[in-house]
Amino acid sequence: MAGSSQPVVLVRGGLRPEDEHRTGAFASGAAPFRDVVLGLDTAAPDDTVIEFAFQAASQRAAGLRVVHGRCPDLPYYDHGGDLNAELHDELTGDMHRALSKALEPWRHEFPGVRVTEQAVIGRAGSHLVEASRDASLLVVGRRRRRAAIGAAIGPVTHAVLHHATAPVAVVPHL
């Protein structure tokens with residue numbers, strides 16, 4: 001996986017095809033798909049990863065929920081401190097603007113895909129694992145880089161591979 005040059009989708013044992021669909025009574029027969037969730041790094045958004053997620057949502061006729069998590073660079077936050085409401089609003093506002101900018105061309109490319117942006121404070125991996133509970137697919141990127149002892153995955157991808165409940169697509173990018 002860490003050395004793959006193509007997207008890899010991992011599916012946990014025990015998942016069934018119907019798990020990708022919403023539950024409840026639907027008169028038309030087949031239940032609609034759950035949303036596709038994309039974990040997006042707005043500091044370095046990659047078109048390959050974004051396009052993969054939009055295509056997956058489009059093929060399923062599902063919504064696309066784009067999640068960007070960020071831990072503030074504040075020493076007291078790393079030790080369990082809380083953000084005041086004003087700082088929280090400022091940070092999430094900045095994150096929403098970055099998400100909108102990164103997604104704007106893709107909204108035009110895939111006008112039929114309903115996009116929901118979610119800017120969250122905290123570790124991205126934890127928020128993506130939580131989002132996977134109601135997703136048909138979770139899409140994350142993996143930079144193609146070589147570590148001293150071989151190919152490696154980052155901490156967000158590592159977290160979702162071990163803890164996400166939905167299938168996970170890992171899309172390599174530069």
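The chain is numbered in sequence order, starting from 1. We use all heavy atoms of the structure for the numbers below, so side chains are in, but hydrogens, waters and symmetry mates are not.
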Report task. Check the pair Lys101 / Glu104 against salt bridge (Lys or Arg N to Asp or Glu O under 4.0 Å), numbers first and verdict last. Result -> CA-CA 5 Å; Lys101 181 179 178 183; Glu104 183 178 353; over 6 Å; no

Report task. Please lay out, stage by stage, how Val49 and Leu40 fare under the test side chain to side chain contact (heavy atoms under 4.5 Å, CB included). Result -> CA-CA 8 Å; Val49 180; Leu40 185 63; 5.6 Å; no

Query raised in the report: Do Phe110 and Leu64 touch side chain to side chain, with heavy atoms closer than 4.5 Å?
Result: no

Query - Qualifying residue for side-chain contact (heavy atoms from CB on, under 4.5 Å) with Thr42, from Leu99, Val66, Leu103 - result: Leu99

Query raised in the report: Leu137 pairs by side-chain contact (heavy atoms from CB on, under 4.5 Å) with which of Leu38, Val9, Val37?
Result: Val9

Query raised in the report: Between Arg123 and Glu130, does at least one N-O distance fall below 4.0 Å, as a salt bridge requires?
Result: no

Query - Heavy atoms of other groups near His158 NE2, more than 12 under 6.0 Å - result: no

Report task. Mind running side chain to side chain contact (heavy atoms under 4.5 Å, CB included) on Gln118 and His68 for me, showing each step along the way? Result -> CA-CA 6 Å; Gln118 187 177 355; His68 173 65; over 6 Å; no

**Report entry** Value rounded to 0.5 Å, distance of OG in Ser58 from CD in Glu51
**Finding:** 11.0 Å

Report summary line: Heavy atoms of Ala57 and Gly63 approach each other most closely as CB-O, 4.0 Å

**Report entry** Min side-chain heavy-atom separation Glu109-Phe54 under 4.5 Å
**Finding:** no

Query raised in the report: Should Ser136 and Asp35 count as side-chain neighbours, where that means a heavy-atom distance under 4.5 Å?
Result: no

Query raised in the report: Side chains of Met95 and Ile121: closer than 4.5 Å at any heavy-atom pair?
Result: yes

Query - For Ala164 against Arg12, the heavy-atom pair lying closest together - result: O-NE, 2.6 Å

Query raised in the report: Got Arg65 and Asp134 here, is their nearest side-chain heavy-atom distance under 4.5 Å?
Result: yes

Query raised in the report: Which residues pass the ring-ring contact (aromatic ring centres under 6.0 Å, His included) test with His108, sequence neighbours left out?
Result: none

Query raised in the report: Heavy atoms, side chains only, cut-off 4.5 Å: are Arg70 and Val120 in contact?
Result: no

Query raised in the report: Can you name the ring-ring contact (aromatic ring centres under 6.0 Å, His included) partners of Phe52, sequence neighbours left out?
Result: none

Report summary line: Paired with Val140, the side-chain contact (heavy atoms from CB on, under 4.5 Å) test is passed by just one of Asp41, Val170, Ile153, namely Val170

Query raised in the report: Do Pro45 and Ile50 come close enough that some side-chain heavy atom pair is under 4.5 Å?
Result: yes

Requested in this report: Would you name the heavy atoms of Ala124 and Gly69 that are closest together and state the gap between them?
Outcome: CB-O, 4.0 Å

Query - Distance-only donor-acceptor check, side chains Thr48 and His173, under 3.5 Å - result: no

Query raised in the report: So do Gln6 and Pro172 actually touch side chain to side chain, heavy atoms under 4.5 Å?
Result: no

Report task. Show the numbers, then the answer: is there a side chain to side chain contact (heavy atoms under 4.5 Å, CB included) between Asp89 and Leu91? Result -> CA-CA 6 Å; Asp89 291 346; Leu91 289 173; over 6 Å; no

Query raised in the report: Residues in ring-ring contact (aromatic ring centres under 6.0 Å, His included) with His163, at least two apart?
Result: none

Query raised in the report: Is a donor on one side and an acceptor on the other found under 3.5 Å between the side chain of Ser132 and the backbone of Thr165?
Result: yes

Report task. Would you name the heavy atoms of Gly39 and Leu128 that are closest together and state the gap between them? Result -> CA-CD2, 3.6 Å

